[in-house]
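Have a look at the structure below before the remarks.
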Number of protein chains: 2
Amino acid sequence: MTKAQETRQRIISTTMDLLMQQGYHATGLNQIVQESNAPKGSLYFHFPKGKEEIVAEALNLAGEWTCSHVAEALQAHDSVADAVAAITLSFAHLLEEDNYGKSCALLTVAQEVGDDDVLLRKALDEGFAGWYQLFVDMFVKAQFPQQAAERWADLTLSAIEGAQALARGQRSVRPLENTAAMLRLLIGNAQQMYDMNQG
Amino acid sequence: MTKAQETRQRIISTTMDLLMQQGYHATGLNQIVQESNAPKGSLYFHFPKGKEEIVAEALNLAGEWTCSHVAEALQAHDSVADAVAAITLSFAHLLEEDNYGKSCALLTVAQEVGDDDVLLRKALDEGFAGWYQLFVDMFVKAQFPQQAAERWADLTLSAIEGAQALARGQRSVRPLENTAAMLRLLIGNAQQMYDMNQG
DNA sequence: GTCTATATGAGGATAGAC
DNA sequence: GTCTATCCTCATATAGAC
């Protein structure tokens with residue numbers, strides 16, 4: 001990777017971090033430049049479309065990061081129920097580490113953008129769609145029928161994202177822990193049922 | 001209500017609306033003044049602490065609004081399962097009406113504030129805590145044991161908030177509809193179980 | 001590719017007349 | 001209580017030298 005590419009990547013990952021903490025509008029270009037130790041003069045060389053382009057790239061990074069995070073958890077656990085619980089709890093650890101000041105970048109930005117921010121809308125749509133598909137596939141592989149897999153995917157994803165928001169709002173891991181426990185229990189029950197029908 | 005109080009209330013409810021659309025940092029005082037048809041000169045008479053005070057009041061209003069919304073749904077439906085599904089779907093209608101440009105004010109603001117915004121942190125904490133307690137009580141009244149009620153409350157609340165975020169990000173009511181269907185099914189099953197143990 | 005300097009506008013907040 | 005005018009800071013973005 002050339003030096004220029006390194007700078008580019010450092011800007012993007014710093015931006016992702018700031019988005020998780022403050023969201024879109026509170027994150028300024030000056031702050032991005034400072035915290036990434038990037039040369040300010042070359043910002044518009046690397047990202048000709050300005051702030052929106054930087055943030056869109058940061059959202060893509062957040063999407064990829066989460067996808068690999070989920071994939072890891074699936075490999076590390078025998079059951080879907082355990083994997084989902086582990087994923088949910090990992091966000092609890094993330095929040096505790098950062099004093100309840102971070103949540104998923106797509107979650108923060110999604111609440112701020114309007115119709116005009118075309119680049120961001122696209123990045124958000126693709127990011128969420130990617131996660132949804134990942135979860136649907138996970139449930140399908142675990143023998144859930146297609147419609148059930150889709151519904152479980154939405155419920156699971158919604159609960160994980162929402163629990164992050166609640167945990168951050170209340171500065172407590174309780175919502176994430178309770179959500180993790182419930183998801184493990186309920187997904188486990190459903191799994192048993194589908195296994196019996198199968199076998 | 002005096003004219004001054006009316007102005008005050010109009011500012012607060014306009015702010016709540018803007019928070020739902022854009023969040024905290026994107027909402028400016030000028031915009032609040034314009035859209036509420038309030039006199040700019042009296043902003044700091046009504047709210048001496050400035051923007052943070054206005055937003056804190058708007059968050060309180062959002063909290064109260066949702067509480068009464070939930071209470072209504074509970075009265076209108078026989079079972080907790082149906083009430084929860086109805087509440088979830090009502091957010092789908094809200095989103096469709098406004099072209100997927102609105103979500104819960106506490107949800108949007110919670111993703112943007114840091115440690116310094118003391119007033120906002122307090123308003124968020126109280127708002128979320130109020131909802132949580134409301135849901136816990138609901139499940140307890142429906143014969144759920146205390147710990148189960150707490151866990152179901154967090155899962156339900158998380159799922160509803162998260163589904164709003166996903167729906168907004170993907171501009172689709174699918175996450176809300178799937179989440180509503182799942183919550184109705186799962187809460188219904190749990191209810192049956194606890195009813196049997198009871199009777 | 002990176003620098004400095006700057007254009008241009010919007011943000012929140014305040015002062016003082018009425 | 002409401003008005004106008006204004007201050008100060010910060011934002012994004014651009015221009016032009018190197």
Side-chain angles (χ1 to χ4, degrees), chain A residues 1-19 21-59 108-109 112-114 116-121 123, chain B residues 1-19 21-59 108-109 112-114 116-121 123:
Chain A
M1 188 149 50
T2 72
K3 205 172 194 175
Q5 285 171 323
E6 276 178 28
T7 298
R8 205 186 128 88
Q9 276 311 114
R10 212 167 54 244
I11 290 173
I12 292 174
S13 73
T14 300
T15 302
M16 184 184 78
D17 225 59
L18 291 171
L19 292 178
Q21 296 173 43
Q22 314 167 331
Y24 178 48
H25 285 98
T27 299
L29 295 182
N30 292 326
Q31 197 183 8
I32 293 174
V33 166
Q34 274 192 330
E35 301 209 7
S36 62
N37 289 317
K40 171 151 191 180
S42 59
L43 248 192
Y44 283 83
F45 167 80
H46 292 295
F47 306 94
K49 291 183 199 154
K51 183 180 182 182
E52 210 180 332
E53 184 177 359
I54 299 178
V55 172
E57 295 284 354
L59 292 179
T108 66
V109 178
E112 297 184 66
V113 302
D116 305 336
D117 312 288
V118 184
L119 274 180
L120 297 186
R121 288 238 66 97
Chain B
M1 189 149 49
T2 71
K3 205 172 193 173
Q5 285 172 323
E6 277 177 28
T7 298
R8 205 186 129 87
Q9 275 311 114
R10 213 167 54 245
I11 290 174
I12 293 173
S13 73
T14 301
T15 302
M16 183 184 79
D17 226 60
L18 291 171
L19 292 177
Q21 295 172 47
Q22 312 167 332
Y24 178 48
H25 285 98
T27 298
L29 294 182
N30 292 324
Q31 195 183 8
I32 292 174
V33 166
Q34 276 192 330
E35 300 208 9
S36 62
N37 289 317
K40 172 152 191 180
S42 59
L43 248 192
Y44 283 83
F45 168 79
H46 293 295
F47 307 93
K49 292 184 199 152
K51 184 180 180 182
E52 210 178 334
E53 184 177 358
I54 301 178
V55 172
E57 294 284 355
L59 292 179
T108 66
V109 178
E112 296 184 66
V113 301
D116 305 336
D117 312 288
V118 184
L119 274 179
L120 297 185
R121 289 239 66 97

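Predicted model only: the values in this text are computed from it and were never measured. Here is how names work: the chains are called A, B, and so on, in the same order as the sequence lines, proteins then strands, and each is numbered from 1.
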Work out which heavy atom in [X] is nearest to a heavy atom in [Y]; give both atom names and the distance.
X	Y	result
B:Ala123	B:Ala56	CB-O, 4.0 Å
A:Thr27	A:Gly23	OG1-O, 2.7 Å
B:Thr14	B:Ile32	CG2-O, 4.1 Å
B:Glu112	A:Glu112	OE1-OE1, 3.7 Å
A:Leu19	A:Tyr24	CD2-CA, 3.9 Å

Taking any atom under 4.0 angstrom from a heavy atom of chain A, which nucleotides of DNA chain C are the first and last to qualify, 5' to 3'?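 Extent of the interface on DNA chain C: C:dG1 to C:dC3.
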Measure from the side-chain N and O atoms of B:Thr2 to the backbone N and O of B:Gln5, and report whether any donor-acceptor pair falls under 3.5 Å.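 Yes; at least one donor-acceptor contact below 3.5 Å.
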Indicate yes or no for a side-chain donor-acceptor contact from A:Glu57 to the backbone of A:Ile12 under 3.5 Å, with no hydrogens or angles considered.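 Flag not set: sc A:Glu57 to bb A:Ile12 has no pair under 3.5 Å.
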Report the distance from atom CD of B:Glu52 to atom CG of B:Leu120, rounding to the nearest 0.5 Å.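 B:Glu52 CD to B:Leu120 CG: 4.5 Å, rounded to 0.5 Å.
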Nearest whole Å is fine: how far is D:dT4 P from B:Leu43 CG?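 Spelled out: CG on B:Leu43 to P on D:dT4 is 14 Å.
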How long is the line joining NZ of A:Lys49 and C1' of D:dT12, in whole Å?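 Interatomic distance, NZ of A:Lys49 to C1' of D:dT12: 17 Å.
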Please enumerate all protein N or O atoms sitting under 3.5 Å from an N or O of nucleotides 7-11 of chain D, with distances to 0.1 Å.
residue: D:dA11; atom: OP2; partner: A:Asn30; partner atom: ND2; Å: 2.9

